[in-house]
Amino acid sequence: MAPIKQFQVTFDCAEPERLARFWCEVLGYVVPPPPEGFTTWDEFTLSLPPEQRDAWFACIDPSGVGPRLYFQRVPEGKAAKNRLHLDVRVGTGLVGEERLAVLEAECARLVPLGAVHVQTLYDGKDSCIPMQDIEGNEFCID
């Protein structure tokens, strides 16, 4: 059996730091310490040539379990629906109205951060809330 490999999830975006900080709030992730030799990220950023400043940003799971999220600036905007999206699993093990209430509470927490509530899917037992992040990337509250 092949060994499990670490991976990161990479987002193409317009504003890497802004989007990274949004996802830190959504997932409880943190910004890692700046590179060795720098006391702050701002200090590191100012050491780069102007064309490389604000080109990327990352965040990590403080427990070390989840994948690193990497955000890279690209010149083009989002043009179509994502072929891959994140499911933010807040209702695991819950069903019916109890599950729906937990998902709706998480949706209500994320909307003031800039997330967009697309719709609420509920069939009386199972529920899911498709949303968009601050740059229009789809994700689900599940």
Side-chain angles (χ1 to χ4, degrees), residues 2-123 125-142:
I4 296 173
K5 296 183 175 30
Q6 288 187 342
F7 68 95
Q8 73 179 10
V9 178
T10 301
F11 291 73
D12 290 347
C13 59
E15 298 179 72
E17 183 175 352
R18 181 172 174 251
L19 191 55
R21 291 189 184 280
F22 169 83
W23 280 103
C24 282
E25 290 293 324
V26 172
L27 300 174
Y29 271 42
V30 297
V31 175
E36 191 172 320
F38 297 94
T39 56
T40 67
W41 278 103
D42 287 339
E43 182 184 335
F44 170 74
T45 299
L46 290 173
S47 75
L48 298 171
E51 66 276 4
Q52 292 179 11
R53 293 179 187 162
D54 304 318
W56 64 272
F57 210 80
C59 59
I60 58 173
D61 177 353
S63 72
V65 175
R68 176 181 190 241
L69 302 182
Y70 182 80
F71 302 84
Q72 62 187 7
R73 186 179 59 219
V74 295
E76 68 277 357
K78 184 174 177 316
K81 185 179 182 317
N82 298 10
R83 296 289 306 262
L84 173 79
H85 69 265
L86 301 182
D87 286 343
V88 179
R89 314 265 347 254
V90 298
T92 304
L94 303 175
V95 295
E97 293 292 326
E98 183 181 19
R99 177 180 169 83
L100 181 61
V102 168
L103 271 57
E104 287 178 332
E106 183 66 1
C107 178
R109 182 182 80 85
L110 300 180
V111 168
L113 299 175
V116 175
H117 175 209
V118 175
Q119 64 180 338
T120 298
L121 303 172
Y122 179 59
D123 67 6
K125 179 181 175 192
D126 200 13
S127 51
C128 176
I129 301 179
M131 300 188 76
Q132 293 178 342
D133 72 15
I134 59 176
E135 288 202 9
N137 299 301
E138 296 87 8
F139 69 99
C140 290
I141 301 296
D142 177 37

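As a basis for the values below, the full set of heavy atoms in this structure was taken, side chains included, without hydrogen atoms, waters or symmetry mates. Start at 1 with the first residue, then count along the sequence. Model, not experiment: these values are computed from the prediction.
- Applying the side-chain hydrogen bond (donor to acceptor under 3.5 Å, both in side chains) rule to D142 yields the partners R89, R99; only residues at least two apart in sequence or on another chain are considered.
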(message) F71 vs F11, test: ring-ring contact (aromatic ring centres under 6.0 Å, His included). Steps then yes/no.
(response) CA-CA 5 Å; F71 302 84; F11 291 73; 4.7 Å; yes

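- Scored by the side-chain contact (heavy atoms from CB on, under 4.5 Å) test, C24 finds Y29, V31, C59 as partners (sequence neighbours excluded).
- Rounding to the nearest 0.5 angstrom, the gap separating the CG atom in L69 from the CZ atom in F22 is 11.5 Å.
- Applying the side-chain contact (heavy atoms from CB on, under 4.5 Å) criterion to P62, with sequence neighbours excluded, gives V30.
- In this view, R68 satisfies the salt bridge (charged side-chain N to carboxylate O under 4.0 Å, His left out) rule with no residue, not counting sequence neighbours.
- Listed for the E135 side chain is a donor-acceptor partner under 3.5 Å among the backbone atoms of A14.
- Every residue two or more places apart in sequence or in another chain was checked for a salt bridge (charged side-chain N to carboxylate O under 4.0 Å, His left out) with R83, and none qualifies.
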(message) Could you walk me through whether L103 and L94 satisfy the side chain to side chain contact (heavy atoms under 4.5 Å, CB included) test, starting with their C-alpha distance in whole Å, then the side-chain angles of each, then the deciding distance to 0.1 Å, before giving a yes or no?
(response) CA-CA 10 Å; L103 271 57; L94 303 175; over 6 Å; no

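- Of the inter-residue distances, the one linking Q132 atom CD with H85 atom NE2 reads 12.0 Å to the nearest 0.5 angstrom.
- By the side-chain hydrogen bond (donor to acceptor under 3.5 Å, both in side chains) test, E17 pairs with R21, sequence neighbours left out.
- Taking both residues in full, the closest heavy atoms of P16 and A55 are given as CG-O, 3.7 Å, listed atom of the first, atom of the second, then distance.
- Taking all atoms of both residues into account, the shortest heavy-atom contact from L84 to N82 is O-CB, 3.1 Å.
- Heavy-atom minimum distance, K81 versus E138: CA-OE2, 3.7 Å.
- Residue pairs meeting the salt bridge (Lys or Arg N to Asp or Glu O under 4.0 Å) criterion with at least one partner in residues 7-16, sequence neighbours excluded, are E15-R18.
- In this structure, CG in D87 is found 12.0 Å from CD1 in I129, a value given to the nearest 0.5 Å.
- At least one side-chain heavy atom of L19 sits under 4.5 Å from a side-chain heavy atom of N137.
- No donor-acceptor distance shorter than 3.5 angstrom exists from the side chain of R73 to the backbone of F57, with no hydrogens or angles considered.
- Checked against ring-ring contact (aromatic ring centres under 6.0 Å, His included), F139 has the following partners two or more places apart in sequence or in another chain: W23.
- The two residues T10 and Q8 make their nearest non-hydrogen contact at OG1-NE2, 3.5 Å.
- Listed by first and then second residue, the side chain to side chain donor-acceptor pair (under 3.5 Å) pairs involving residues 40-56 are T39-E43 (not counting sequence neighbours).
- Note that CG of D61 and CG of L27 are 8.5 Å apart. Values are rounded to the nearest 0.5 Å.
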(request) Just do the side chain to side chain contact (heavy atoms under 4.5 Å, CB included) check on V26 and L86 with the steps written out, would you? (result) CA-CA 11 Å; V26 172; L86 301 182; over 6 Å; no

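- For the ring-ring contact (aromatic ring centres under 6.0 Å, His included) test, no residue two or more places apart in sequence or in another chain qualifies with Y122.
- Among residues two or more places apart in sequence or in another chain, the side-chain contact (heavy atoms from CB on, under 4.5 Å) test is passed with V111 by C107, H117, M131.
- With sequence neighbours excluded, no residue satisfies salt bridge (charged side-chain N to carboxylate O under 4.0 Å, His left out) with E25.
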